[in-house]
Each structure stands twice: as C-alpha cells, then as structure tokens.
Amino acid sequence: MINSKKLPSKITEVLVNQATFKNNPAKINPTYINYFFGSNGTGKSTIARTIRSCNGVTFATGTTAEDYKIMLYDQDYIERNVRSNENLPGVYTINSTNAEIQKNIDELKKKKETLDEKRANAIEDRDRHEQKLEQLNHQFYSNCWDKTEAIRKAFAKTQNGFKASKKKFVDKLLETAPLSQDIQKLKDLYDTAYADDAKQYPKFNELIDPSILDKVQDNEILSIAIVNSADTQLATFLKQIGATEWAQQGHSEFQKRTDGRCPYCSRKLGPSFEQEFQRSFDDQYENNRQRLSLFLENYRETANNLFSFIRKIPEPLYPTIGRQNYNDKLNAIKGAIAGNIEKIRSKIEEPLKIVELDSLKTMLTELLGMIDKFNALIDENNAIVASKSTKRRECKEAVFGLLAFNMKDLVTNYQQDKSKKNDEIKTQQMIIKEVDTSLNSINDKIAELNKQTVETETAMKHINIMLQDSGFQGFKLRPAKAPSDDKETPTINYEVVRTETNTVAKNLSEGERNFIAFMYFLQQVYGSDNMNGNLKGKIIIIDDPVSSMDSSTLFIVSAEIRKLVSICRNNADNRRNLTDENFIKQIFIFTHNALFQREVSYEYANEYDYVSFYLVSKKNNCSDIKLCEQLNPNYPTHRMNVNPVKNSYATLWEGYQQASGAALINVMRRILEYYFLQICGHSRSSLRKHILEDNKDKFIQDGFQNYNLASAILSYITDESMGISDDVLFVETDVNDDQCREIFELIFQCMGQEQHFNMMMNK
C-alpha cells in the first residue's frame with residue numbers, strides 16, 4: 001500500500017485544453033510549490049495563462065479566485081510594464097489635463113501658510129506659560145526640600161535614591177498620601193529596620209497552665225486526718241503516750257541497723273516483736289502515710305520543674321526588657337513554693353493535722369502576663385529583622401506619609417497655581433491641535449493629488465534597495481527632473497543609470513529590461529493591496545524569468561525566487577523556516593533553463609508532500625504534462641519526487657540504488673572517484689591510507705572479508721582517472737550486494753561525509 005499523498009493547496013485542479021492541449025486536454029492537481037520544466041514551445045506559457053485566467057481552474061472548497069491576488073510574470077507583463085522610454089508603471093507626467101490639480105495644490109499651500117503662522121503664535125504663547133510653570137515647579141521643589149530637612153536627616157536611610165534630586169524627592173512626596181505618624185514608634189521601626197547590627201532574639205518560655213501547682217495529683221490527702229486504728233497492746237500504749245508517729249518513724253529509720261535491739265534502750269527484742277509491731281499499725285494508716293510522702297515528692301518535683309522553666313532567661317536578652325520586676329515575681333513564687341513544702345512536711349510529722357497550701361495561680365498568671373508582654377516586643381523585633389526589606393519599605397512609606405502630612409498646605413497652594421498654569425497651556429495646545437488637524441487635512445488633500453508621484457518614488461526606492469541587497473552592480477535608478485522643476489515639484493519620472501559611468505542608459509539589453517521588470521514584479525509581490533497595507537493571499541505564477549539574462553543575473557533572480565518559495569513553504573511546513581511570512585499561498589514556476597531549474601528547486605526536491613515536479617513535452621503538435629514521481633527505494637510504501645533536470649553525478653546515485661553485482665561495484669567506484677578525488681581533492685594514496693589503515697579496525701570487526709572487499713573497491717580508483725566514464729569494469733563472482741552497500745556507506749562515514757551520503761540517498 002502506497003502511503004504518500006500530495007497536500008492540496010488553494011488551486012486544487014487545473015484543466016488545460018487550449019492551443020496545443022486542445023486535442024489532448026491535460027489535468028493536474030497542484031500542491032503548494034509546483035515546478036514545470038520543458039523546452040521552448042512545449043506549452044508552458046499556455047499552462048501559466050490558463051492558471052492566471054482561472055478558466056478551467058478549481059479552487060479549494062469555500063474559496064474562489066476573488067479571495068486571492070493571482071500574479072503572473074511572463075513576456076506580456078514585461079511589455080506592459082517596461083516601455084521603450086525605460087519608465088515603469090506608476091510614473092506620471094503632469095500635463096495640461098493635470099493643470100487644475102496643480103492650481104488646487106497652490107491654493108491649499110496658501111491656506112497652509114496662514115495656518116502655519118497661527119500655529120507658530122500659539123506655540124510661542126504655550127512656551128511662555130510652560131516657562132512660568134517651570135519656575136513655579138522650581139520654587140516649590142526648593143521650598144519642600146528646605147522645610148523637610150530635619151525629618152529627612154532624622155530618617156536619612158529612607159531617603160536613598162532621593163538625596164541628589166529635588167524633583168525626584170518632590171515627585172515621590174506628591175504621590176504619597178498624607179498621614180500623621182507617632183514619631184517615637186516610627187523611630188523605633190526605623191532603628192530596627194535600618195540597623196546594621198539588628199538581629200532576632202529568643203523568647204521567654206511561656207507558662208501553659210498557671211494553676212499547675214494547685215492541681216498536683218492527690219492533694220486531697222492534706223485535708224485528711226491520718227489516724228492509726230489498730231487495737232494491739234503496743235498500739236494502745238503508743239496512743240496513750242502520743243508516740244504512735246514517733247515509734248513509726250524510729251522503726252522506719254533504725255529497724256535494720258540495731259541487730260535485734262531496741263534503738264532507744266538497747267534491750268534485746270523478742271522474736272515476735274517485729275510481728276507485734278506491724279500488727280500495731282493498720283493498713284489504712286500506712287497507705288495514707290505513703291500517699292502523703294508521694295504527694296510531697298510530686299509537689300516538689302512539679303515545683304522544681306516549674307521554677308526551672310520560668311526562671312530561665314533567654315540569652316541574649318532583648319535589650320529593651322527590664323528584669324527587675326520579673327526577678328521580684330520569681331522570688332515571690334519561690335518563697336510561696338518553699339512555704340507550701342514546709343506545710344506538707346509538717347503534715348508528715350503530724351498526720352492528724354489538716355493542711356491547706358497557698359495557691360500560686362495568681363502569681364503565676366501575673367508572671368505569664370509579663371512574659372506575654374516581653375515576647376510581644378521580641379516578636380515585633382524579630383518580625384522586622386526577618387523581613388527587613390518589607391519593613392524598610394513600610395518605614396520609608398511612613399516617613400514620606402509624615403513628610404506629605406507636614407507639607408500638605410504648601411502642596412495644596414502649589415497644585416492650585418499649577419492647575420491655572422496648565423489650563424493656560426491647554427488652551428494654547430488646543431489651538432495648536434485644531435491647526436494641526438486643518439494642516440493634516442490640507443496635507444492629505446495634497447498627498448491625494450500627488451499620490452501617483454509618491455507611488456513612483458516608492459517603487460524606485462524599493463527596486464534600488466533590492467538591487468543593492470542582491471549585489472547587482474550593473475545599473476541603478478534615480479529621479480529625473482526637468483530643468484524648470486523647482487525643489488517642491490514632485491518627482492514624476494526616473495531614469496536608469498549605469499553604475500560604472502553614472503550616465504543614463506540610452507539602450508537597455510533585453511536581459512536588463514527583463515531584470516528591471518522582474519524587480520518591479522517582486523516589489524508588487526511584497527507590496528500591499530490597498531492604502532491600509534493589508535495583504536491579500538497571493539498565488540504567484542512565474543514563466544521563464546531568466547530569458548536573455550547572463551549567469552550573474554540568473555543567480556540573483558534564482559535567489560529571489562527561492563525567497564518566494566520559502567514564504568509559500570510556510571503554509572505547509574513552518575519548521576526550519578527562514579521567514580515568518582506566509583502570504584504567498586501557492587506558487588507555479590515554469591522554465592526551459594536547466595541551470596535555473598536546479599537553482600530554484602534543489603532545496604525542496606525531497607519534500608514530496610507539498611512540492612511537485614512536472615515535465616511539459618510536445619509531440620506531433622500535441623502537448624502533454626507528466627507528474628515526475630516514483631516509488632522511494634528506501635521506503636517502498638512511499639513515493640518521491642523526481643526532478644526532470646539531473647546532473648551526471650545525481651544520475652550515478654540513482655544508478656547506485658538500482659544496480660547489483662559488478663554494475664554496482666562500477667557505480668560505487670565512479671562515485672568515490674568523482675566525489676573524493678575531484679570534489680574533495682584527496683589523492684588515491686591518501687584515500688586508501690585513511691580508509692584501509694587509519695580506520696582498519698572498523699572493517700575487520702567481523703573478519704577480513706569486509707576489509708578485502710573495501711580494498712578491492714578502492715583498487716579501481718586511480719589518480720589519473722579524473723572524470724566520470726564507463727570504460728572500467730569490475731569482474732567478481734558471488735558479489736554480495738548488501739555487503740557492498742554496507743562497505744560503501746562505511747567508507748563515507750570514515751571520511752566524515754555521512755551527511756553527504758544521507759543527502760544523496762534521500763535519507
């Protein structure tokens with residue numbers, strides 16, 4: 001299945017059935033870029049005129065010939081546009097029929113003189129008022145500068161960028177809204193935001209719960225009278241003498257260190273004493289005593305942790321914070337904690353005693369209030385330091401707000417005086433504007449009367465630029481004035497001047513005449529279709545543009561046509577584009593010149609989708625059009641263009657893609673000999689050395705078979721054979737075509753010519 005398909009453009013079909021096509025009508029389906037090659041008299045001009053006439057032409061759906069500007073360059077165009085006096089179209093001479101136009105121009109010039117005088121007077125008055133306004137501004141700037149000196153110096157760093165220019169300072173002042181400021185607060189912000197040693201400070205620890213000591217677990221034990229309810233003889237005795245707690249403490253302290261003796265009288269205790277002693281204290285009593293001891297430990301631990309937390313002063317301390325009140329409050333809290341611990345201890349010594357601890361919540365709440373105030377100051381400082389640029393902008397705007405507030409009365413008076421001066425200036429400016437409108441109207445009328453000559457001068461300038469840019473040095477164009485013309489008389493014709501002699505060309509050759517016509521055609525192609533400069537999509541037809549031209553002119557014309565082709569190309573493919581323009585929607589190029597055909601088409605021969613080549617021929621007075629294409633040997637499912645104009649070298653490469661056996665070897669030899677010896681300038685010996693010695697490893701990777709085959713191919717190349725000939729034959733049996741082609745491509749890679757190989761193989 002063949003996948004290649006031509007892209008249709010604006011003209012989708014052309015049916016040619018006139019002149020030599022009458023008995024053999026030909027139909028083509030052109031794409032964007034179309035090349036037609038054929039000998040003189042084969043019918044190329046008939047095809048070109050058919051396309052221009054739109055007779056037998058089919059346009060894309062939804063479009064007609066009216067949507068495009070169809071432009072044909074051919075011999076008729078040259079005859080119409082380059083007359084025997086070498087003047088181009090659009091060049092006109094004022095004669096008797098134009099006398100009325102000149103009279104109207106003279107009357108308009110008189111009105112223009114009156115308006116010019118009125119305009120000059122208005123400009124003089126305006127300039128005088130502007131001078132007074134400038135004096136008012138100067139005085140105002142000086143007053144503002146002098147009256148704000150104290151504040152500007154106090155906040156000097158906010159004035160960076162405004163210290164050297166009174167105007168710049170006052171302009172900033174005028175665009176700032178007046179705002180009263182707390183000077184001290186503004187100074188604090190300034191000192192921090194602009195201080196070179198400003199830094200962030202750590203904050204005080206923040207107390208989470210001021211009632212933490214009032215909520216120590218099991219504090220209800222302090223309100224319980226702890227009593228021993230045991231009824232043993234020892235328990236009763238201890239209760240009678242009030243020594244229950246004393247005995248308990250002594251037993252606890254000395255039991256394990258008396259070696260079975262009483263710690264008080266040293267008498268030997270009986271074997272059942274310990275059991276009797278334990279039975280003299282009930283379990284509830286013991287549990288409550290343990291609860292009380294545990295509460296003391298918890299309270300002391302909580303208090304220590306709390307005090308360690310709140311007594312920690314951040315380092316370094318924010319300089320503006322005073323510590324005296326904070327230390328006094330810490331000492332008061334410390335004393336209250338110590339007092340509560342003593343109360344708990346007294347409860348342990350006298351379990352029957354009811355104890356109530358002092359609440360520290362109020363003092364801790366007051367301490368927390370101090371910490372919040374300190375941290376707020378630190379946060380404010382840290383915020384300024386963290387966003388110095390933002391705070392500096394805030395400080396700067398605040399300073400200017402204060403300056404504007406202090407200057408508001410002066411500003412009000414200035415603005416009133418300035419408004420009066422501006423009103424006077426506007427009055428004169430309106431007069432100038434009205435005069436300018438009238439003058440523009442007069443100039444437009446004069447331009448309308450002279451538009452023919454303006455267009456002539458434009459054409460002349462554009463053609464000279466094109467000649468200069470192309471490097472052409474044969475002639476140029478210049479204005480031609482009659483001796484009676486004054487300086488204000490518009491140019492009404494121009495003359496062709498030889499650049500070597502700077503004399504008027506009395507007689508132009510046919511090639512020069514055609515070249516001027518083509519330059520003018522290009523100026524029309526690039527020009528707009530109306531006075532607004534809007535471009536209409538264009539379809540360009542060029543029929544034998546290089547007739548009678550020398551080689552240098554031919555190459556210039558070829559280069560200009562390639563530019564037109566590149567503009568058209570952007571409609572189908574804008575990759576690697578040389579220009580962003582795409583106003584040429586379709587182009588048809590006809591020629592019988594093989595060199596010209598190659599020059600204008602070589603860049604696009606491989607673009608099958610949007611480029612087509614046609615061969616126009618005639619036999620028995622019947623013309624025919626053939627689309628030149630074939631299957632792509634590299635991609636059998638695709639088609640490719642075939643340029644009907646080929647050189648011998650290109651033909652060799654086509655033969656290479658189709659040859660086999662000994663014929664393939666012969667074609668390979670001829671290509672290598674022509675390209676590397678004749679074009680690149682290598683000698684046979686240097687070529688063999690570079691391939692077979694310097695790159696030997698690339699040919700022997702799979703054994704010496706490839707190396708031997710490469711050597712055999714190169715052995716047929718001689719320094720003496722400097723042309724393309726067919727008289728050297730290669731005789732070899734069992735030639736592997738695929739292997740030969742691999743070796744052939746590898747030779748180009750070794751010589752650094754892989755890009756050339758890919759180009760010739762249409763890769």
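Given the structure is predicted, the values throughout are model-derived calculations rather than measurements. Sequence positions, counted from 1, serve as the residue numbers for this chain.
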Main chain of [Y], side chain of [X]: is a donor-acceptor contact present, judged purely on distance under 3.5 Å?
X: T176; Y: E397; answer: no
X: N304; Y: R300; answer: yes
X: D182; Y: K185; answer: yes
X: R152; Y: W145; answer: yes
X: D358; Y: A336; answer: no
X: K343; Y: E356; answer: yes
X: S419; Y: Q415; answer: no
X: R291; Y: F295; answer: no
X: K408; Y: P178; answer: no
X: K698; Y: C750; answer: no

Which of these, I567, N570, N571, sits in a side chain to side chain contact (heavy atoms under 4.5 Å, CB included) with F583?
I567
Partners passing ring pair (Phe, Tyr, Trp, His ring centres under 6.0 Å) against H690 (at least two apart in sequence or in another chain):
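Checked H690 against ring pair (Phe, Tyr, Trp, His ring centres under 6.0 Å); zero matches.
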For a quick check under 3.5 Å, do Q131 and D127 share a side-chain donor-acceptor pair by atom type?
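Side-chain D/A pair, Q131 to D127: absent.
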Are N143 and Y414 linked by a side-chain donor-acceptor pair shorter than 3.5 Å?
no
N-O pairing of K421 and D417 below 4.0 Å
no
In terms of side-chain geometry, is the basic nitrogen of E149 or K153 positioned less than 4.0 Å from the acidic oxygen of its partner?
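Salt bridge between E149 and K153, a charged N being under 4.0 Å from a carboxylate O: yes.
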Does Y190 have K157 sitting over its ring (NZ/CZ under 6.0 Å from centre, angle to axis within 45°)?
no
Do K163 and F169 meet the cation-pi criteria used here (NZ or CZ under 6.0 Å from the six-membered ring centre, within 45° of the axis)?
no
Before you tell me yes or no, could you show the steps for F162 and F400 under ring pair (Phe, Tyr, Trp, His ring centres under 6.0 Å), namely the whole-Å CA-CA distance, both residues' side-chain angles and the distance that decides it to 0.1 Å?
CA-CA 11 Å; F162 301 96; F400 271 96; 5.3 Å; yes
For K433, check side-chain hydrogen bond (donor to acceptor under 3.5 Å, both in side chains) against everything at least two apart and list the hits.
none
So, for M407 and C144, which heavy atoms are closest and what is the spacing to 0.1 Å?
SD-CA, 4.3 Å
Can you name the nearest heavy-atom pair linking K5 to D609, along with the distance?
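So the two residues come closest at O-OD1, 3.7 Å.
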Within a reach of under 6.0 Å around CZ of R311, are more than 12 heavy atoms found that belong to other residues, nucleotides or ligands?
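At most 12 heavy atoms, drawn from other residues, nucleotides or ligands, come within 6.0 Å of this atom.
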Are D125 and R128 close enough, and set up right, to give a salt bridge (charged side-chain N to carboxylate O under 4.0 Å, His left out), and what steps lead you there?
CA-CA 5 Å; D125 290 342; R128 184 173 63 255; 3.1 Å; yes
To the closest 0.5 Å, what do you measure between CD1 (I425) and NZ (K132)?
10.5 Å
Distance, nearest 0.5 Å, that separates CG of L364 from CD1 of I310
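One gets 5.5 Å once the value is rounded to the nearest 0.5 Å.
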Is there a side-chain contact between F155 and K187 (heavy atoms, below 4.5 Å)?
yes
